[in-house]
Every structure is written in C-alpha cells, then in structure tokens.
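Right, one structure below, let's go through it.
What you are looking at is a predicted structure, and each value in this text was computed from that prediction instead of being measured.
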Amino acid sequence: MIRVDVGLGDRSYPIMIEAGLLDRAADHLAGFARNGRLVVVTDEAVAATQLPRLLAGLGDIRAETVILPPGETTKSWTMLERLTDQLMDHGVERSDRIVALGGGVIGDLVGFAASILKRGCGFVQVPTTLLAQVDSSVGGKTAINTRAGKNLIGAFHQPDLVLIDPTTLDTLPQRQVRAGYAEVVKYGLIDDFDFFSWCEAHAAALLAGDPDARTEAIAHSVAAKARVVAADERETTGTRALLNLGHTFGHALEAETGFSDRLLHGEAVACGMALAFRFSAALDLCPGQDAARVARHLDQAGLPTTLRAAYVDTDGATLVGHMAHDKKMAGGRLPFLLARGIGQTFLAKDVDLNEVAAFLDGER
C-alpha cells in the first residue's frame, strides 16, 4: 500500500494506492458508513465494469447508487440538476458520503454537486481512469462545462479520501489510457526533467499494462500534485498554475471541437503541451530541440501534437477567442504556461494574444 497525504490542515486527506483496493473498499469506507450512509455515483460504462467490484468490496455495508450517462457532455447544468435531485431523492445528509466512482467527468461533477448540496457534503474520490488517478481526483477542483468554456462553473471542494486501484485500468480502452498518460508526462515537463526521462524509458511498458510502471507513474504523479496543492490550494500564488501546462491551448481545442469525445481532455492537453513548447521556442525562450523532443515523445505515445491531429482546422483568432473565456483571465490578459526547456515551465503574464493567434495560424 502506498499512501500520499495532501496536507491542508483540517482539510487534509490521504490518497491510498494499491492493486485490488476496490475489492477491499470496506477497509477504507467503513468509518464513513458508521457515521452516515454511502451513495455511489458512477456512469453507465463504469457501472458495467467496476461498480460490481466496489459493491462486493463493501461487503455488508449498504450503498445507494446513481448511474449517469458517460462522456464529457455529462459535465453540464442539466446533469448537475439531475444528480442533485437524485441525491436529494435518496435523502442525502451532510453526514453521508457521496462516492465518485469513475473518471474525471464523474469526479468533477460529483465533487461540484457535493460542494453545493446542503451547502457542502463530504465525498470520496475513487478514480477509474489514468487521467483521474494522476490528476483530477486530487486537489479539490470541481466543475462543469458551459457554453462559454470548460470548467467555468465550479468550486474548490476537497475530498475526504482518494482510493486508487491501478487494476481498474485493465478494462479501460487504450485510447483512454493514452489520454491519461498526457497528464503523467506533464509532471516531468513542469519541473522534473528526470521524471520526463523516466517517462521516455517506461511509457511503452506503462501503456502496455505493466503494473509496476503504472503504479510508479501514479504514485509519483499524485505526490507531485499533492505538494503543489498543499503549497497553493486555491491557485493564488502562481504555484498551482504550473499544473495547467498545456491546458490553455488544450481547453481552446476542446471548445472548438464542442467538448465532445472526438477529442478527449488528455489528448487536448497533450496537443496543448506540444503547442506550448513550440510557442516557447518561437519566442526564443526554449531550445527548439526540446520542443521537438516533447512532441516526439507524445507522438510515440499515440497522442496528438498538431492542430490537424486534434481535428482542429480553424484560424488562430478563433482559438484565441475561446481562450478569452478562460477563468484565469485577469485585467484583460491571460497568463500562459511557457517553458525555458524540459522541466523548466514558468508562468508568463505578458503574452500578446495577437502573437498567439499568429503562431496558431502558422500551425495550420
């Protein structure tokens, strides 16, 4: 068992990582069940593969279930209303625990519902995708998408516990595993050159299902994120903003493709990171060979690194228009995560959006 703690004072919580954890869920959730009830929220795809394992792992602990449609479109006002209504139909009280069993969509939606239901209920993250295990289940960012953009309506609401069972990845489509891998590589690109080198050496094994490679990648990633979250929980100092590497470009790509499964979030982030490094190179901030190395590794992992590969064929002004709705916009300017090299990401607050648009036009 690997344990990583997110240190946030009285809101601190553990992240538990171990193969087969789902089958022993009662060991970790029994305490919550003694003080209240459990309501498990998942989607139709996960309900068919992992929900039976979790319910069996709860043993004699009774749990209500709510099953939602799968896909990014579930992170919406409509589904938030549907979920909160169903939770209230189940009589959820603040002493109960809502269990988010699924990927980033379920985790984000359930966390946001928990943050507003009866002015705040407790919840537990049980992520079943690589992306959720290494990124979205940790840190308390919860949200839904809107017509204006991704994750623009949400709240910071930390979970009480995160349970990560790497064996849930065995039933995940390979495309989803690759998309999640983008968020693993991100931690190396931000400030850990050695971990990026580890990724180059072990990506093939991780993507092929090697349990040791997967566990090491998950543990390293959540430990890195836990340190950042503990230092800057609400993204006020600029430290946590480093975790958004690739996301400003990536969210614009997702908006252009309609937040559909045509372009998965991790795929958009991968392309966004490649664009961020090439843009940094175009500004003479980053060696061109580093930008090429990043793109080559992501491409070898089966991830998109160009606009064409991300199914985007529009002008730079349109993509920058999507960025204008970014929640990080302040004083009419949008901070960008740029790089001076692999493992040397920094927050730039003086980027000219006209330069970004021109750069994107050149990427077409």
Hphob cluster co-occupancy, [X] + [Y], side-chain heavy atoms under 4.5 angstrom:
X    : Y    : answer
L337 : V351 : no
L285 : I190 : no
V320 : M273 : no
L283 : L189 : no
V6   : V162 : yes

Between the main-chain N or O of [Y] and the side-chain N or O of [X], is there a donor-acceptor pair closer than 3.5 Å?
X    : Y    : value
D210 : A205 : no
D290 : I342 : yes
D96  : E93  : yes
Q133 : P127 : yes
D160 : F123 : yes
K225 : V138 : yes
H247 : L245 : yes
R37  : H90  : yes
T42  : L101 : yes
T142 : V110 : no

- Message: side-chain contact (heavy atoms from CB on, under 4.5 Å), that's the test. Do T345 and L338 meet it? Break it down for me.
- Response: CA-CA 6 Å; T345 298; L338 300 178; over 6 Å; no
- D170/R214 under salt bridge (Lys or Arg N to Asp or Glu O under 4.0 Å): CA gap, chis, key distance, verdict: CA-CA 11 Å; D170 294 340; R214 285 183 171 177; 3.5 Å; yes
Between [X] and [Y], is any pair of side-chain heavy atoms under 4.5 Å apart?
X    : Y    : answer
F259 : K75  : no
D5   : Y13  : no
L161 : P14  : yes
V184 : S221 : yes
L29  : L163 : yes
V99  : V39  : no
V124 : L38  : no
T73  : M79  : no

Interatomic spacing from [atom1] in [X] to [atom2] in [Y] - rounded to 0.5 Å:
X    : Y    : atom1 : atom2 : answer
E256 : T314 : CD    : OG1   : 4.5 Å
L80  : R82  : CG    : CZ    : 12.5 Å
L117 : F112 : CG    : CZ    : 11.5 Å

Minimum heavy-atom distance between [X] and [Y], given as atom pair plus value:
X    : Y    : result
S137 : P159 : O-CG, 4.1 Å
C286 : A291 : SG-N, 4.3 Å
L55  : A63  : CD2-CB, 4.3 Å
A230 : L8   : CA-CD2, 3.9 Å
A100 : G107 : CB-CA, 4.1 Å
F196 : V294 : CZ-CA, 4.4 Å

- Derivation and outcome, side-chain contact (heavy atoms from CB on, under 4.5 Å), residues L131 and V269: CA-CA 11 Å; L131 188 147; V269 169; over 6 Å; no
- Message: Looking at R175 and E267, is there a salt bridge between them, counting it only when a charged N and a carboxylate O are closer than 4.0 Å?
- Response: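 Yes, charged N to carboxylate O under 4.0 Å.
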- Message: For R364 and D315: C-alpha separation, side-chain torsions, deciding distance, then whether salt bridge (Lys or Arg N to Asp or Glu O under 4.0 Å) applies.
- Response: CA-CA 8 Å; R364 294 181 67 185; D315 59 85; 5.1 Å; no
Classify the side-chain pair [X]/[Y] by whether it contains a donor and acceptor separated by less than 3.5 Å.
X    : Y    : answer
R53  : T168 : no
T215 : D212 : no
N145 : E72  : yes

- Other residues, nucleotides, ligands: >12 heavy atoms within 6.0 Å of D85 CG: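 Yes - once you tally the heavy atoms of other residues, nucleotides and ligands closer than 6.0 Å, there are more than 12.
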- Item | Over 12 non-hydrogen atoms of neighbours within 6.0 angstrom of NZ in K349 |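 Count not over threshold, so no.
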- Begin with the C-alpha distance, continue with both residues' side-chain angles, and end with the deciding distance and a verdict on salt bridge (Lys or Arg N to Asp or Glu O under 4.0 Å) for R308 and D313. CA-CA 6 Å; R308 183 181 297 276; D313 182 19; over 6 Å; no
- Verdict with supporting geometry, T74 and L109, side-chain contact (heavy atoms from CB on, under 4.5 Å): CA-CA 8 Å; T74 294; L109 176 66; 3.8 Å; yes
- Message: Are F336 and F249 an aromatic pair, judged by ring center distance below 6.0 Å?
- Response: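 For F249 and F336, the ring centres are under 6.0 Å apart.
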- Task: Would you mind listing every side-chain hydrogen bond (donor to acceptor under 3.5 Å, both in side chains) that reaches into residues 228-238, with sequence neighbours excluded?
- Result: R11-E233, K141-E235, Q158-E233, D232-T236, D232-T237, E235-N244, T237-T239
- Parallel, tilted or perpendicular: rings of F359 and F279 (30°, 60°): tilted
- Query: Parallel, tilted or perpendicular: which fits the ring planes of H251 and H265, with parallel below 30° and perpendicular above 60°?
  - Reply: tilted
- For L207 and R178, what are the C-alpha separation, side-chain angles and deciding distance, and is it a side-chain contact (heavy atoms from CB on, under 4.5 Å)? CA-CA 7 Å; L207 294 171; R178 290 196 301 268; 4.1 Å; yes
- List the steps, then state whether side-chain hydrogen bond (donor to acceptor under 3.5 Å, both in side chains) holds for H220 with D192. CA-CA 11 Å; H220 187 99; D192 194 338; 3.0 Å; yes
- Sequence neighbours excluded, the answer for side chain to side chain donor-acceptor pair (under 3.5 Å) partners of R278 is E363
- Give the intermediate values and the outcome of salt bridge (Lys or Arg N to Asp or Glu O under 4.0 Å) for residues R293 and E200. CA-CA 10 Å; R293 182 176 174 181; E200 289 181 308; 2.6 Å; yes
- Task: For residues 17-51, pull every pair meeting ring-ring contact (aromatic ring centres under 6.0 Å, His included), keeping only residues two or more places apart or in separate chains.
- Result: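 The answer is none; no pair qualifies.
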- Passes side-chain hydrogen bond (donor to acceptor under 3.5 Å, both in side chains), T171 versus Q50? Steps please. CA-CA 9 Å; T171 61; Q50 306 302 335; 2.8 Å; yes
